[in-house]
Amino acid sequence: MTPRFSICLASAFFLLFAAGAPEPSAEIAETSTAAISARIEIFDRDLQRLRRFMGAPVAGELDIGIRSTLPRDLYFQALTLWQQTDRLSFEVMRVHATPPPSPAGDIGLRDVLRRLEDANRILRQVMEELKIPSDSGPPPEKNAPVADPFTAILHLNRQLNLLLERHLAPKDVYMEVTLAIGYAARLLSRYPEANRIPAEPPFEPDKQPGDVHLRLIECLQSVSRILDTLGLPAPQINTSRVESNKLVPGDVYMVAATIVSQLDFLHKHLDIARAPPQPIYPGARFPAHTYQRIGILQAQLTQLERFLATDRAAFGKIEHDAHLPER
């Protein structure tokens with residue numbers, strides 16, 4: 001291999017695996033963060049007004065072991081908020097909103113803000129249907145941004161879930177895991193020797209949401225290692241404060257949605273054109289079924305880690321050989 005060809009191949013590999021998305025300007029990021037903080041506070045005031053009207057309980061604080069400031073993770077939390085608000089709209093008014101389009105290109109803070117605004121718009125339509133007067137209090141302070149938008153949107157999702165007749169259930173988590181499996185299969189399609197859809201592991205009964213959460217966290221840790229291999233940012237994972245016995249399917253769903261967020265980002269980063277199809281309704285499912293399903297995702301991610309580590313090692317050798325003199 002000539003040095004010139006080696007350099008070209010190394011450059012192509014670098015562009016494929018190491019190029020990150022451009023950072024937004026500080027001014028745009030600051031403006032969007034302030035707008036997102038304001039919208040979160042407005043949504044929370046509307047949601048609490050609706051909660052009191054419906055006589056629903058207050059959602060308690062709960063740590064699911066994830067922190068993130070990445071726009072893609074904020075977006076998927078905001079998308080979940082939209083989906084739950086739309087479900088509430090159907091329960092109250094028998095009307096579904098038009099699904100929002102997927103963001104074109106890299107997900108940014110503007111996309112997060114749009115989804116929050118869309119969800120708030122649906123929430124206020126529900127309030128109008130129920131003849132709930134709007135809150136006449138002063139608007140939130142613009143110079144007091146929410147310290148942790150990811151956790152704040154997560155809390156909105158937990159509160160909204162308590163207002164639904166049909167809460168986020170194990171079958172919703174099962175479907176989100178199935179979507180993650182679809183993403184992982186597309187990522188593995190780059191490798192002819194990969195087993196894109198491994199067999200399900202044996203069924204283990206008597207699993208609780210905490211067991212599903214633990215297995216999903218292991219998957220998220222695997223995805224984080226993949227992102228680290230590629231030099232890409234990943235969410236922070238710390239499960240030391242998680243109270244597993246208090247977790248419900250809606251909390252576990254948020255972890256599954258975060259995994260989908262990372263795999264969707266990898267798809268775009270690696271220029272995979274087609275996203276996987278949305279999963280179909282699987283019928284009744286219990287935590288044990290989802291726990292079993294996650295075993296497929298774990299096997300996929302283990303393969304992907306191995307393949308990417310091999311690619312990375314090959315890239316290092318190519319880069320080394322490119323600097324050797326010709327004989």
Side-chain angles (χ1 to χ4, degrees), residues 36-37 39-41 43-52 54-70 72-85 87-88 112 115-116 119 123 145-177 180 207-221 223-224 234-262 285-288 290-291 294:
I36 287 171
S37 295
R39 181 54 57 182
I40 287 173
E41 293 186 23
F43 192 103
D44 184 54
R45 291 199 307 175
D46 288 342
L47 185 59
Q48 292 305 322
R49 183 74 187 87
L50 180 59
R51 179 195 64 76
R52 292 192 296 270
M54 297 178 71
V58 176
E61 299 289 342
L62 188 66
D63 194 324
I64 64 168
I66 304 172
R67 295 287 186 276
S68 182
T69 59
L70 301 172
R72 64 178 184 264
D73 294 332
L74 295 177
Y75 177 83
F76 274 84
Q77 286 294 328
L79 180 61
T80 300
L81 192 69
W82 182 93
Q83 291 167 340
Q84 289 205 95
T85 310
R87 184 178 291 189
L88 179 66
V112 179
R115 289 296 80 80
L116 290 172
L123 189 72
V146 174
D148 183 357
F150 181 87
T151 300
I153 301 174
L154 173 67
H155 183 73
L156 293 179
N157 271 310
R158 296 191 75 243
Q159 183 63 76
L160 186 56
N161 192 42
L162 292 178
L163 272 58
L164 297 173
E165 291 183 8
R166 187 166 65 89
H167 303 304
L168 287 172
K171 59 94 178 170
D172 294 297
V173 186
Y174 184 94
M175 291 174 68
E176 195 72 1
V177 170
K207 296 300 180 183
Q208 302 300 312
D211 300 311
V212 178
H213 174 270
L214 178 60
R215 205 166 206 182
L216 282 174
I217 287 292
E218 291 172 354
C219 288
L220 186 57
Q221 290 169 333
V223 174
S224 294
Q236 301 171 12
I237 305 170
N238 182 354
T239 58
S240 61
R241 297 178 58 189
V242 175
E243 300 179 79
S244 298
N245 61 324
K246 294 185 178 180
L247 294 172
V248 298
D251 304 320
V252 179
Y253 180 90
M254 303 308 169
V255 183
T258 303
I259 293 173
V260 169
S261 167
Q262 313 313 310
R285 288 293 184 273
F286 304 111
T290 306
Y291 187 87
I294 298 169

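All values below were derived from every heavy atom in this structure, side-chain atoms included, with hydrogens, water molecules and symmetry-related copies excluded. For clarity, every value in this text was computed on a predicted model and none was experimentally measured.
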Checklist entry - Can Q77 and R115 be counted as having a side-chain donor-acceptor contact under 3.5 angstrom? => result no

Checklist entry - Between CD of Q84 and CG of L123, what distance do you get to the nearest 0.5 Å? => result 11.5 Å

Checklist entry - In Å and rounded to the nearest 0.5 Å, what is the CG to NZ distance from L214 to K207? => result 9.5 Å

Item to check | Heavy-atom side-chain proximity of S224 to I237 below 4.5 angstrom | outcome: yes

Checklist entry - Under the 3.5 angstrom rule, does the side chain of H167 hit a backbone N or O of N161 as a donor-acceptor pair? => result yes

Item to check | C219 vs I294 side-chain heavy atoms within contact, under 4.5 Å | outcome: yes

Item to check | Under 3.5 Å donor-acceptor, S261 side chain and A257 backbone | outcome: no

Checklist outcome for this item: Value for CD (Q262) from CG (L70), rounded to nearest 0.5 Å, stands at 7.0 Å

Item to check | Value rounded to 0.5 Å, distance of CD1 in I64 from CG in N238 | outcome: 12.5 Å

Checklist entry - Counting distance only, does the side-chain N/O of N157 pair as donor-acceptor with the main-chain N or O of L81 below 3.5 Å? => result yes

Next on the checklist: Donor-acceptor pair, distance only, cut-off 3.5 Å: does the side chain of D211 make one with the backbone of Q208?
Outcome noted: yes

Checklist entry - Could you go step by step and tell me if L50 and L88 meet the side-chain contact (heavy atoms from CB on, under 4.5 Å) rule? => result CA-CA 11 Å; L50 180 59; L88 179 66; 3.7 Å; yes

Next on the checklist: Quick check: closest heavy atoms across T258 and P235, and the distance to 0.1 Å?
Outcome noted: CG2-CG, 4.4 Å

Checklist entry - Of the non-hydrogen atoms in L163 and A56, which two are nearest, and what is the gap between them? => result CD1-CB, 3.7 Å

Checklist entry - To the nearest 0.5 Å, how far apart are CD in Q236 and CZ in F150? => result 10.5 Å

Checklist entry - What heavy-atom pair brings V212 and P287 nearest, and what distance separates the two atoms? => result CG2-O, 3.4 Å

Item to check | 4.5 Å side-chain heavy-atom contact, R158 and M254 | outcome: no

Checklist entry - Can you name the nearest heavy-atom pair linking D73 to S68, along with the distance? => result OD2-OG, 2.6 Å

Item to check | Short side-chain to backbone donor-acceptor contact, Q221 and L216, under 3.5 Å | outcome: no

Item to check | Pairwise side-chain contact, T80 with I153, heavy-atom cut-off 4.5 Å (strictly under) | outcome: no

Checklist outcome for this item: Rounded to the nearest 0.5 Å, the CZ atom of R51 sits from the CG atom of D44 at a distance of 10.0 Å

Checklist entry - Would you say the side-chain atoms of R87 pair up with the backbone N or O of R166, donor to acceptor, closer than 3.5 Å? => result yes

Checklist entry - If we only count heavy atoms from C-beta on, is the L116 to F43 side-chain gap below 4.5 Å? => result no

Checklist entry - So, the side chain of D172 versus the backbone of A169: is there a donor-acceptor pair under 3.5 Å, distance only? => result yes

Checklist outcome for this item: Heavy-atom nearest pair, V173 first then P249, reads CG2-O, 3.4 Å

Checklist entry - So Q48 and Q159, side-chain contact (heavy atoms from CB on, under 4.5 Å) or not? Walk me through it. => result CA-CA 9 Å; Q48 292 305 322; Q159 183 63 76; 3.7 Å; yes

Next on the checklist: I'd like to check D63 versus E243 (side-chain heavy atoms, cut-off strictly below 4.5 Å). Are they in contact?
Outcome noted: no

Checklist entry - Less than 4.5 Å apart, any side-chain heavy atom of P209 and any of D251? => result no

